[in-house]
Amino acid sequence: QYFSIRTQFTEGLVSRIAKEELSQLVKFIDDIEEQLGVAQSWGENGVLLVDDTDQINKKLFPFLEHLKGVESIIVANNAGQEYFITRKNGSVVTRALTQQGNETVMKYSSYSSTAEPDSPVSSWEETVSYDPRQRPWFRSPQNRGKVHWTPLYKFFQSGKYGTSASVAWTDPTSSDSFTVMAVDVSL
């Protein structure tokens, strides 16, 4: 009888923990998708521009601060420009990327916290072989409000494995241009 009670207790406990974990995971995914919907609306209204670093910092620093569990945020357009933000060793690092001929120039800035989007403490540049349009999260706008989740893959910046959720929108001033915003969630 002891083993029967123990088994029933264990099964009940495991079931309850699994339901709680699933509930937390669903909430996490719903929060990400809701925030991406807000960003998509910003983009459709022309207020989330990949080439306006000062304004995008002011919008995405708080975004990164409040999206717990998100490793980084990326905004890229079909011209190959990209903005990237992540946390690193207690600070915030941004990357503005431009395509210059066959080269990709990444301009990095480091900030002491998410509270100071106007005051980088250091900046540097790197030239690399990278094109955001070739990443698995970069998809053209198809269904408004639909969030695309990638299969697991290796992140470019951190080298960690994870998944990305992304949304896309058409540029309000040109139907030939579009932008994609993605959030990276590492394992």
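Because the structure is a prediction, the values reported are computed rather than measured. Positions are given from 1, in the same order as the sequence printed here.
Counting heavy-atom neighbours within 6.0 Å of Lys68 NZ, excluding the residue itself, gives a total above 12. Within 6.0 Å of CD on Glu103 lie no more than 12 heavy atoms contributed by other residues, nucleotides or ligands.
Taking OG of Ser158 as the reference point, atom CZ of Arg87 lies at 12.5 Å (rounded to 0.5 Å). The CD1 atom of Ile56 sits 9.0 Å away from atom CD1 of Ile85, with the distance rounded to the nearest 0.5 Å. Summarising the geometry, atom CD belonging to Gln55 is positioned 11.0 Å from atom CG belonging to Leu60; distances are rounded to the nearest 0.5 Å. Of the inter-residue distances, the one linking Ile73 atom CD1 with Ser166 atom OG reads 13.0 Å to the nearest 0.5 angstrom. Taking OG1 from Thr94 and NZ from Lys88, the interatomic distance works out to 12.5 Å, rounded to the nearest 0.5 Å. One distance of note links OG1 of Thr163 with CD1 of Ile29; it measures 9.0 Å at 0.5 Å rounding.
Here the side chains of Thr104 and Thr127 are not in contact, with every heavy-atom distance at 4.5 Å or above. Within the 4.5 Å cutoff, side-chain heavy atoms of Gln35 are placed close to those of Phe63. The side-chain heavy atoms of Tyr111 and Val121, taken from C-beta on, include no pair separated by under 4.5 Å. Side-chain contact between Ser91 and Ser112 is absent, with no heavy-atom pair separated by less than 4.5 Å. Taking 4.5 Å as the limit, some side-chain heavy atom of Glu82 sits within range of a side-chain heavy atom of Arg95.
Residues Lys146 and Val167 approach most closely at O-CG1, 3.9 Å, considering heavy atoms. The nearest pair of heavy atoms linking Asp176 to Asn78 is O-ND2, 3.0 Å. Across all non-hydrogen atoms, the minimal contact from Met181 to Leu48 is SD-CD2, 3.9 Å. Taking all atoms of both residues into account, the shortest heavy-atom contact from Val70 to Leu64 is O-CD1, 4.1 Å. Residues Gln81 and Pro132 come closest through the heavy atom pair O-CG, 4.4 Å. Pairing each heavy atom of Ser140 with each of Ala168, the nearest pair is C-CB, 4.0 Å.
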Q: Please report the C-alpha distance between Ser72 and Asp184 in whole Å, then the side-chain angles of each, then the deciding distance to 0.1 Å, and finally whether the side-chain hydrogen bond (donor to acceptor under 3.5 Å, both in side chains) criterion is met.
A: CA-CA 5 Å; Ser72 53; Asp184 291 338; 2.7 Å; yes
Q | Derivation and outcome, side-chain hydrogen bond (donor to acceptor under 3.5 Å, both in side chains), residues Thr86 and Glu71 | A | CA-CA 6 Å; Thr86 191; Glu71 179 172 313; 5.1 Å; no
Q) Where do Asp51 and Tyr83 land on the side-chain hydrogen bond (donor to acceptor under 3.5 Å, both in side chains) test, with the steps shown first? A) CA-CA 8 Å; Asp51 58 351; Tyr83 171 90; over 6 Å; no
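Hydrophobic clustering keeps Leu49 apart from Val47 (ILVMFWY residues linked when any side-chain heavy atoms are closer than 4.5 Å, directly or through intermediates). Taken together through direct or relayed side-chain contacts under 4.5 Å among Ile, Leu, Val, Met, Phe, Trp and Tyr, Trp149 and Phe28 form part of one hydrophobic cluster.
Using a 4.5 Å cut-off between side-chain heavy atoms of Ile, Leu, Val, Met, Phe, Trp and Tyr, Phe84 falls into a hydrophobic cluster with Ile74, Val93, Leu97, Met106, Tyr108, Trp124, Val128, Tyr130, Trp137, Phe138, Tyr153, Phe155, Phe156, Phe178, Val180.
Residues Lys58 and Asp54 are not paired through a salt bridge, judged by the lack of any N-O separation under 4.0 Å between the basic side chain and the carboxylate.
Shown are Asp30, Leu25, Asp31; of these, the side-chain contact (heavy atoms from CB on, under 4.5 Å) with Lys27 is made only by Asp31.
Of the possible polar contacts, one joining the Asp131 side chain to the Arg133 backbone as a donor-acceptor pair under 3.5 Å is found.
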